[in-house]
Amino acid sequence: MMASLKTPTLKTPSFALSSKPRLPSAFSAAFPNTARFSRSQPQRRRFLIVTASSSSFSNKPTVLVAEKLGEAGLTLLKEFANVDCSYNLSPEELCTKISLCDALIVRSGTKVNREVFESSGGRLKVVGRAGVGIDNVDLSAATEHGCLVVNAPTANTVAAAEHGIALLAAMARNVAQADASVKAGKWQRNKYVGVSLVGKTLAVLGFGKVGSEVARRAKGLGMHVIAHDPYAPADRARAIGVELVSFDEAIATADFISLHMPLTPATNKMLNDETFAKMKKGVRIVNVARGGVIDEEALVRALDAGTVAQAALDVFSEEPPKQDSKLVQHERVTVTPHLGASTMEAQEGVAIEIAEAVVGALKGELAATAVNAPMVPAEVLTELKPYVELAEKLGRLGVQLVAGGSGVKTVKVSYASSRAPDDLDTRLLRAMITKGIIEPISSVFVNLVNADYTAKQRGLRITEERILLDGSPESPLESIQVQIANVESKFASAMSESGEIKVEGRVKDGIPHLTKVGSFEVDVSLEGSIILCRQVDQPGMIGTVGSILGEENVNVSFMSVGRVAPRKHAVMAIGVDEQPSKETLKRIGEVPAIEEFVFLKL
């Protein structure tokens with residue numbers, strides 16, 4: 001029998017990222033009165049950035065600008081710091097210079113790897129990436145060396161949207177091809193007859209900042225705009241006259257498709273042979289997002305077959321692309337050399353945004369655009385580590401259960417614990433749940449610093465409640481439950497009686513376990529990936545599904561069945577080490593007693 005329950009209101013920490021709290025003058029980011037995880041432990045301080053020596057503040061800090069930055073940004077930097085503009089440094093030269101610098105600003109061309117952080121000797125406090133992507137910065141090494149990494153994610157939004165519209169119109173009217181033809185001495189008016197945009201359907205895949213701005217402009221051109229984005233709030237889409245639809249509906253009905261999603265494992269080669277086959281014949285595609293979201297060889301095949309009439313591309317999986325690239329040389333493809341953010345205004349905006357973030361970090365302010373996690377005392381991490389993993393994985397599981405087209409806006413997290421409210425700070429756990437919900441299909445890196453800010457920017461409201469248990473407070477938590485409200489589920493059994501997607505888990509022997517899906521009790525280790533099946537409860541089901549997986553050389557790590565009553569309905573949770581093939585999953589779905597199933601990646 002479970003211990004008796006009490007349900008006082010959870011005291012949510014008052015720390016607000018948007019207020020940019022000042023840090024102590026010794027340059028340590030202390031968070032007093034948060035993370036007291038045991039009555040026996042004294043209050044501790046967590047450090048975001050390594051404490052600087054007193055000599056560091058006797059003179060201006062030094063900022064190394066390793067790639068070209070707009071003059072407005074340089075002016076801001078020079079008001080606060082000594083600025084060293086040294087471009088085109090070799091890796092060796094960068095490592096030599098970095099030991100004399102407190103901050104480093106780069107674009108995409110400079111690799112800031114572990115060797116750079118090691119060469120800094122602990123002096124480097126912040127790395128600023130003038131742009132969005134941070135593929136060229138070793139975040140793990142930065143965090144280990146107590147160095148904050150910030151980026152500039154908003155300044156180029158309008159520029160990217162305008163370039164998307166420019167490519168859309170240029171492609172529709174064959175502007176690039178006609179221009180080249182006239183300059184070659186030809187006059188081929190009949191060859192370059194275009195298509196009109198008015199009345200055509202544009203599918204915007206990825207309805208974030210850039211995608212929504214493209215949609216606004218396309219509406220002004222008289223286009224009918226639909227969009228797919230599992231995180232986009234439906235009310236925000238409706239406000240600008242855009243209908244949110246499923247991915248399959250978007251690609252099947254669109255005359256034009258504009259891509260604006262980040263490159264993540266979930267979006268890598270999202271447009272491929274299979275998805276091109278589902279599109280309306282003669283569709284036209286614009287990509288100003290990331291090259292890797294399109295399988296470029298498959299796109300060439302689709303162009304040759306006439307499935308895709310034209311494509312306009314600003315980004316490629318390899319940049320610059322090879323000169324003999326079939327895609328680049330294709331007569332029905334318009335290309336530009338990654339110019340999405342390349343306007344004078346955007347470059348100045350990015351320069352100002354990154355300069356402000358770097359100066360703020362050097363002053364000791366917490367940056368809302370921080371992309372790496374702050375440092376936390378080892379003893380706290382040791383106790384919380386399995387619960388941190390559990391929190392993130394529950395978030396990942398929950399969001400994967402959401403059906404396409406449903407915007408995730410309301411999440412409720414319940415913590416069952418025997419510890420008093422002021423002995424368990426849930427800020428890190430809440431951040432990890434936010435990370436699990438947002439990161440799978442987003443380019444945003446969520447951590448303790450930016451979690452609340454990131455959730456707010458996406459219209460995601462996370463509420464928390466505490467279920468206080470009677471018993472020993474030896475472990476921080478008994479269980480964590482995540483509920484996602486006002487959405488549809490691709491696995492109906494995950495819906496609770498009150499209509500929310502519900503997943504619950506606990507830590508057993510240091511390992512996160514999934515213990516509840518909807519109303520069904522299960523017990524499966526959250527390692528590898530999971531297959532959930534709702535079935536008629538009858539003999540032989542475990543063996544049947546296990547045999548299908550075994551025949552395909554998929555190793556089963558865990559299997560658990562929860563049922564409402566004997567011979568009624570049950571949910572089987574299967575932990576697998578490898579991702580089953582589509583054919584294997586199809587075979588599982590064809591088992592007569594299985595009513596629904598879903599594969600979830602952790």
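For reference, positions follow the sequence shown, starting with 1.
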Any chance you could measure [X], atom [atom1], to [Y], atom [atom2], to the nearest 0.5 Å?
X	Y	atom1	atom2	value
N287	I285	CG	CD1	9.0 Å
L401	I501	CG	CD1	5.5 Å
M279	L271	CE	CG	4.5 Å
S258	R217	OG	CZ	12.0 Å
K209	R458	NZ	CZ	5.5 Å
K326	L299	NZ	CG	13.0 Å

Quick one: list whatever passes side chain to side chain donor-acceptor pair (under 3.5 Å) with [X], sequence neighbours left out.
X	value
K582	E274
N136	none
H338	E319
E578	none

Donor-acceptor under 3.5 Å ([X] side chain, [Y] main chain):
X	Y	answer
E596	A492	yes
N151	V132	yes
S557	G575	yes
E348	A72	yes

Could I get the full list of side-chain contact (heavy atoms from CB on, under 4.5 Å) partners for [X], not counting sequence neighbours?
X	value
A170	V175
K219	V225
A312	L167, M171, V286, T334
K269	D295

Does any pair with a residue in residues 110-120 pass side chain to side chain donor-acceptor pair (under 3.5 Å), and if so which ones, sequence neighbours excluded?
->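 Sorted result for residues 110-120: E67-T110, R114-E144.
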With sequence neighbours excluded, give me every side chain to side chain donor-acceptor pair (under 3.5 Å) pair touching residues 304-313.
->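 Applying side chain to side chain donor-acceptor pair (under 3.5 Å) to every pair that reaches into residues 304-313, excluding sequence neighbours, yields N174-Q310, R284-Q310, D304-H330.
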Heavy-atom count around N88 CG within 6.0 Å, excluding the residue itself: above 12?
->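 No, the 6.0 Å shell around CG holds no more than 12 heavy atoms from other groups.
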Nearest non-hydrogen partners of A237 and L244, listed with the distance |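 Of all heavy-atom pairs spanning A237 and L244, the closest is CB-CG, 3.8 Å.
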Quick one: closest heavy-atom pair of E353 and P153, and the distance?
->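 Result for this residue pair: OE2-CD, 3.2 Å.
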Could you go step by step and tell me if S581 and T584 meet the side chain to side chain donor-acceptor pair (under 3.5 Å) rule?
-> CA-CA 5 Å; S581 66; T584 302; 2.8 Å; yes
NZ/NE/NH1/NH2 to OD/OE distance under 4.0 Å, E93 and K97 =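 Salt bridge absent between E93 and K97.
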Is there a donor in the side chain of H228 and an acceptor in the side chain of S246, or the other way round, less than 3.5 Å apart?
->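 No, no side-chain donor-acceptor contact under 3.5 Å.
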Report, one line per pair, each donor and acceptor closer than 3.5 Å where one atom sits in a side chain of residues 194-203; sequence neighbours left out.
from : atom 1 : to   : atom 2 : distance (Å)
S196 : OG     : V198 : N      : 3.3
K200 : NZ     : S196 : O      : 2.8

Listed by chain and number, what are the salt bridge (Lys or Arg N to Asp or Glu O under 4.0 Å) partners of E552, not counting sequence neighbours?
->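 Here the qualifying residues are R587.
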Under the criterion side-chain contact (heavy atoms from CB on, under 4.5 Å), which of T275, L259, V315, L327 is the partner of I294?
->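 When T275, L259, V315, L327 are each tested with I294, the side-chain contact (heavy atoms from CB on, under 4.5 Å) holds only for L259.
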